[in-house]
Student: 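Please read through the structure below; I'll follow up with questions.
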Amino acid sequence: VNLELAQRLLCTPAALSSLEWLELVDRTQTVFNASDASAPVEPLQGQHVALLMPLNVDLQVETFELAAQRLGARLALLDSDAWLQEAHSRWLQSVAMLGRLYGLVDCCGLDASIVKAIQQHADVPVLNGIALASHPIHLVADILAVSDVQGRPIGRLRLLVKGDASAPWSRMVCALAHDLHADVVGDGDACDAVWDASHGISRGRLSAGRASPLASQALAQAAARYRFCLTQALLVWLMK
Amino acid sequence: MPQDSIDHALFLAYPDALLLVDGQGKVVRANPAASRLLGYTEHEFVGKPVDDLVPDTVRPRHAQFRSAYSHSPRARPMGGSRTELVARHRDGQSVMVEIALSPVDVAGQAYVVAAVRGIADYPRVKQAVLRARYAEHVAQIGRLAVDERDIQAFMKRVPELAAQAFQCDGVSLFLLEPDGQHLRLAGGKGPSGHEPVGWRMPLTPNLPGHRVMVQNQSLVIGDVLSEGGQALPQDLQAAGIRSLLLSPMSHEGRPMGLLGVRSREPHRFGDEERNALESMANLLATAWLRAQSEQALQHAQRLESVGQLTGGIAHDFNNLLTVIQGNLQVIEELPLLQGTPGHAMAQSALRASKRAAELTAKMLAFSRRQTLQSQRVDVGRLLGSLADMLRHTLDQHIRIDVECAADCPPVLADVSQLESALLNLAINARDAMPEGGLLRFQAALGPWPPALAGDAQPVGDCVAITVSDSGSGMTPQVQQRAFEPFFTTKEVGRGTGLGLSTVYGFVRQSHGTVNLQSVLGVGTSVTLCLPRWQEPQRVLAARTAVSPGTLPAGMRVLLVEDEPTVRDVMQVFLHALGCDVRAVASAEDALAFDSASATRSYDLLLTDVALGAGLRGTELARLLSRRHPTLAVLLMSGFTQAWDSAEGAPLEWERLRKPCSREQLASALRRALDRVLA
């Protein structure tokens with residue numbers, strides 16, 4: 001199956017098929033394994049990536065910036081407020097121009113309907129904020145980190161979700177665990193990682209299952225590294 | 001005092017050379033002045049044939065003259081009033097002289113005394129010699145300008161010849177850089193001025209070169225020490241240069257470079273030198289222009305041939321893509337495929353085919369075969385709007401300026417293609433400025449640049465739209481190939497190499513010209529010269545706005561397409577749009593079908609333009625339109641030059657470019673109907 005992510009919005013847990021999740025896991029793992037290699041590889045050399053976001057809001061996009069730059073891409077930060085104001089009167093032209101100037105556009109902090117409207121006419125991959133750590137796609141990085149830190153293959157992981165089971169994040173964990181053949185366990189059972197979504201945090205707080213502060217710290221560090229690798233894997237997948 | 005002693009003393013003291021020659025033409029005696037003039041000792045003179053003392057070229061004539069003189073010897077000057085006499089020095093050099101001959105009888109023997117006076121130091125002679133030398137070198141440069149095909153070799157040789165002619169301490173040949181702010185050393189000769197060829201000198205106002213370029217006149221600086229305000233480059237000062245002569249190379253009043261000579265001697269250059277140097281500079285300018293013109297012509301011819309090849313390929317691809325795209329669209333919509341991996345694969349293939357169609361469209365644009373909807377375009381408004389959008393879409397490190405002259409008139413062009421061309425140039429500029437910089441759009445009315453050989457020189461003025469950047473610039477090698485299709489300096493797989501070539505094709509198809517200037521490390525500017533819009537101008541009717549209305553149910557369409565696979569796809573599309581289709585393969589079949597019924601049995605004619613060996617689609621449309629004035633007509637082609645050149649006149653029918661999607665077909669059908677209704 002030709003897994004082509006181009007033009008696909010990665011905004012909902014159901015956006016990717018099982019095959020695509022597996023492919024993404026595989027690609028992220030490959031980037032992670034290769035990240036220690038000394039020779040710098042810049043597969044996106046000469047490519048241009050735009051981050052369309054409100055520049056007056058402090059959004060944490062450093063991981064994305066660094067990931068894109070390490071791949072050789074040139075990153076432009078565009079003020080979404082100014083852009084939307086300009087694009088208002090000539091939407092098609094403005095979006096088409098965005099598509100001609102950049103090989104990928106990530107929209108951070110924009111309404112999903114606007115992202116979809118841009119995606120419709122830009123003719124390049126348009127994403128809805130994968131630069132932000134809160135994007136559900138980064139759950140893949142979390143699970144890879146859990147597997148790494150706990151030393152268990154993904155298929156044998158026991159994952160626990162606390163809080164609102166109907167929240168998108170909780171549903172995403174369950175769906176992904178199902179696709180990756182990991183177990184979702186009930187509260188009180190032994191587990192390798194816990195996502196606590198009970199405090200209204202959009203992205204569940206991840207901790208190690210056995211309540212070891214050291215393990216949780218190692219998990220957080222590994223998750224950050226995997227997020228970087230996942231971002232790189234996605235950029236290469238979408239743009240190359 | 002004895003007479004002999006007096007005679008001898010006179011002979012020795014006489015300031016002119018005296019040679020006593022016997023009847024056989026041999027020197028019997030010579031005085032010291034003769035030794036000084038011709039380089040032989042008095043002893044060496046004795047017994048030397050006097051014929052040896054004239055240059056080789058005149059020796060035979062000299063012998064004849066001597067023989068004639070011996071028959072009627074008398075005191076008289078040698079040569080006529082317009083004859084310049086030349087003696088041969090011992091070292092082989094020629095010495096300009098005046099000679100007086102007198103017969104002498106010594107003890108019954110006939111001798112001749114030749115009084116020879118060197119005149120090389122006479123001002124008039126000096127001037128004549130100088131002029132002759134300058135003229136000879138100017139002639140040499142002229143011959144070289146004609147014979148030498150390699151302009152670089154020519155540029156190298158001219159300073160050498162100039163140095164020989166002026167016998168000065170250095171010669172430099174500079175060409176004006178495209179930025180107008182620098183001169184580039186194109187050739188040089190002499191111990192002072194050690195800069196290598198290619199060195200760029202800023203045209204700062206206090207330098208003599210600046211004055212020459214601004215005033216477009218020669219400049220003589222007699223003594224840099226006494227003529228205040230004349231700054232010299234440091235290396236020339238260090239070399240002790242005192243006097244300079246600079247002459248501009250210009251064409252139609254515009255300086256394009258300068259030729260300069262310099263000397264350590266003050267007041268070394270005068271009017272003679274100025275005239276000679278101006279002649280050399282003019283020859284240089286002519287040769288340089290010719291070389292540029294030849295280069296441009298070769299380039300244009302190469303692009304033309306590549307364009308023909310590209311256009312042909314694009315045409316064939318369009319037919320193939322029509323079939324591929326049409327069938328994929330049908331497959332994608334098959335109910336049994338919905339929700340299966342096959343559906344995603346069909347979508348992916350459809351997207352790829354659309355990208356392929358975009359590529360062929362670019363290839364057609366380069367080969368000047370795209371459909372243009374020329375109209376009045378307000379350049380100032382277009383540039384302002386484009387710049388506004390770019391300001392919000394480009395990286396903030398790139399500053400964008402717009403300078404549109406207040407009197408800049410509108411142009412005649414396809415507005416969307418012009419905007420696309422400008423955007424292409426802006427993208428190139430962005431890529432050339434990874435660390436940011438200045439992107440500038442300028443527009444002004446100006447004269448048409450000189451036409452290429454083979455092209456008619458456009459009359460009147462043009463509008464020059466320039467897009468410039470302060471980026472990395474291009475090497476001359478890259479500039480040479482910049483407009484070639486598929487040539488790119490971007491990373492493998494990044495650029496299609498069709499950006500600048502589509503700009504070139506669009507502008508040429510719009511009866512304009514493109515000029516690219518680039519300096520490595522300084523930036524690039526591309527100027528599009530387009531015809532100004534003039535009233536009244538017959539232009540293609542603007543495309544009718546797409547009506548949101550749907551097609552009439554059961555609309556009867558006569559489809560004429562000679563390619564069976566394309567015909568099949570179009571039939572499928574038309575059926576899907578609810579049309580009643582009659583498909584035929586040729587114009588002749590269509591005419592037969594039309595004649596078969598007394599009344600018109602179809603509402604719209606949809607025909608390909610190129611229909612094999614028979615009638616063309618445009619001819620068919622014309623015939624059927626005459627029979628049925630209210631017939632809606634839609635022409636389609638993947639080779640749009642076909643309809644652009646139809647009898648040289650713009651067509652009144654709607655057109656559809658292949659390949660097309662079903663939606664594009666529906667939209668074009670609607671426009672064709674609307675046109676008839678209107």
Side-chain angles (χ1 to χ4, degrees), chain A residues 1-8 15-20 42-52 55 65 69 71-103 105 118 122-125 236 239-240, chain B residues 339-352 354-355 357-358 362 381-382 384-398 400 415-416 419-436 439 488-496 498-499 502:
Chain A
V1 176
N2 175 20
L3 291 176
E4 188 190 325
L5 279 185
Q7 312 302 318
R8 183 77 64 87
L16 300 185
S17 68
S18 302
L19 275 175
E20 286 167 335
E42 296 189 336
L44 300 185
Q45 181 71 39
Q47 292 268 53
H48 293 266
V49 173
L51 259 182
L52 191 59
L55 294 186
E65 284 185 83
Q69 282 161 3
L71 291 169
R74 291 179 193 159
L75 189 75
L77 298 181
L78 308 182
D79 186 357
S80 56
D81 293 339
W83 186 85
L84 284 169
Q85 201 173 358
E86 175 64 32
H88 179 71
S89 57
R90 40 193 166 178
W91 180 257
L92 290 183
Q93 284 167 289
S94 299
V95 174
M97 183 179 278
L98 204 57
R100 283 189 68 179
L101 287 169
Y102 299 100
V105 181
I118 296 173
D123 210 24
V124 291
V236 174
M239 296 180 73
K240 199 162 158 54
Chain B
T340 67
H343 184 250
M345 292 161 77
Q347 281 185 318
S348 173
L350 197 56
R351 277 196 294 274
K354 280 179 183 163
R355 283 200 290 274
E358 284 165 13
K362 285 178 184 171
R381 186 178 292 178
L382 178 73
S385 162
L386 183 65
D388 281 346
M389 282 199 283
L390 282 169
R391 279 193 193 99
H392 296 103
T393 318
L394 276 178
D395 194 300
Q396 301 303 306
H397 295 108
I398 294 176
I400 299 171
V415 64
S416 64
E419 193 174 52
S420 179
L422 294 172
L423 184 55
N424 262 328
L425 298 176
I427 289 172
N428 284 351
R430 184 269 310 260
D431 291 347
M433 300 187 289
E435 307 305 323
L439 168 61
T488 178
T489 54
K490 293 177 182 166
E491 293 78 4
V492 176
R494 290 291 171 265
T496 59
L498 287 168
T502 55

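Quick note on labels: first sequence line is chain A, next is B, and so on, each numbered from 1.
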Student: May I ask you to name which of B:Gln396, B:Arg430, B:Lys354, B:Gln347 has the most heavy-atom pairs under 4.5 Å with chain A?
Tutor: B:Arg430
Student: Looking at side-chain heavy atoms only, is the closest gap between A:Trp83 and A:Ile118 below 4.5 Å?
Tutor: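 Side chain of A:Trp83 against side chain of A:Ile118, heavy atoms only: contact under 4.5 Å found.
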Student: Is B:Ser420 close to chain A through its backbone or its side chain, or both, or neither, when contacts mean heavy atoms under 4.5 Å?
Tutor: both
Student: If I measure from the heavy atoms of chain B, does A:Gln93 come under 4.5 Å with its side chain, its backbone, both, or neither?
Tutor: both
Student: If you round to the nearest 0.5 Å, how far is CG of A:Leu92 from CE of A:Met97?
Tutor: 13.0 Å
Student: Output all residues satisfying salt bridge (charged side-chain N to carboxylate O under 4.0 Å, His left out) with A:Arg90, sequence neighbours left out; order by chain, then residue number.
Tutor: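 Partners of A:Arg90 by the salt bridge (charged side-chain N to carboxylate O under 4.0 Å, His left out) criterion, ordered by chain and then number, come out as A:Glu86.
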Student: Could you check whether any side-chain heavy atom of A:Leu71 comes within less than 4.5 Å of a side-chain heavy atom of A:Val49, counting everything from C-beta outward?
Tutor: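 No, side chains not in contact.
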Student: Given heavy-atom pairs under 4.5 angstrom as the criterion, report whether the side chain, backbone, both or neither of B:Glu419 touches chain A.
Tutor: side chain
Student: Between the side chain of B:Arg391 and the main-chain N/O of B:Ile400, is any donor-acceptor distance below 3.5 Å?
Tutor: yes
Student: Kindly determine whether A:His48 and B:Asp395 satisfy side-chain contact (heavy atoms from CB on, under 4.5 Å), including the steps that lead there.
Tutor: CA-CA 10 Å; A:His48 293 266; B:Asp395 194 300; over 6 Å; no
Student: If you tally heavy-atom pairs under 4.5 Å against chain A, which of B:Ser385, B:Ala426, B:Ser416 wins?
Tutor: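 Most heavy-atom pairs under 4.5 Å with chain A: B:Ser385.
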Student: Quick check on A:Ala50 against chain B: is it the side chain, the backbone, both or neither that has a heavy atom closer than 4.5 Å?
Tutor: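 For A:Ala50, there is no contact with chain B at all, as no heavy atom is under 4.5 Å.
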Student: Side chain, backbone, both or neither: which part of A:Leu98 has a heavy atom under 4.5 Å from chain B?
Tutor: both
Student: Where on A:Leu52 is there a heavy atom nearer than 4.5 Å to chain B: the side chain, the backbone, both, or neither?
Tutor: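 For A:Leu52, no heavy atom lies under 4.5 Å from chain B.
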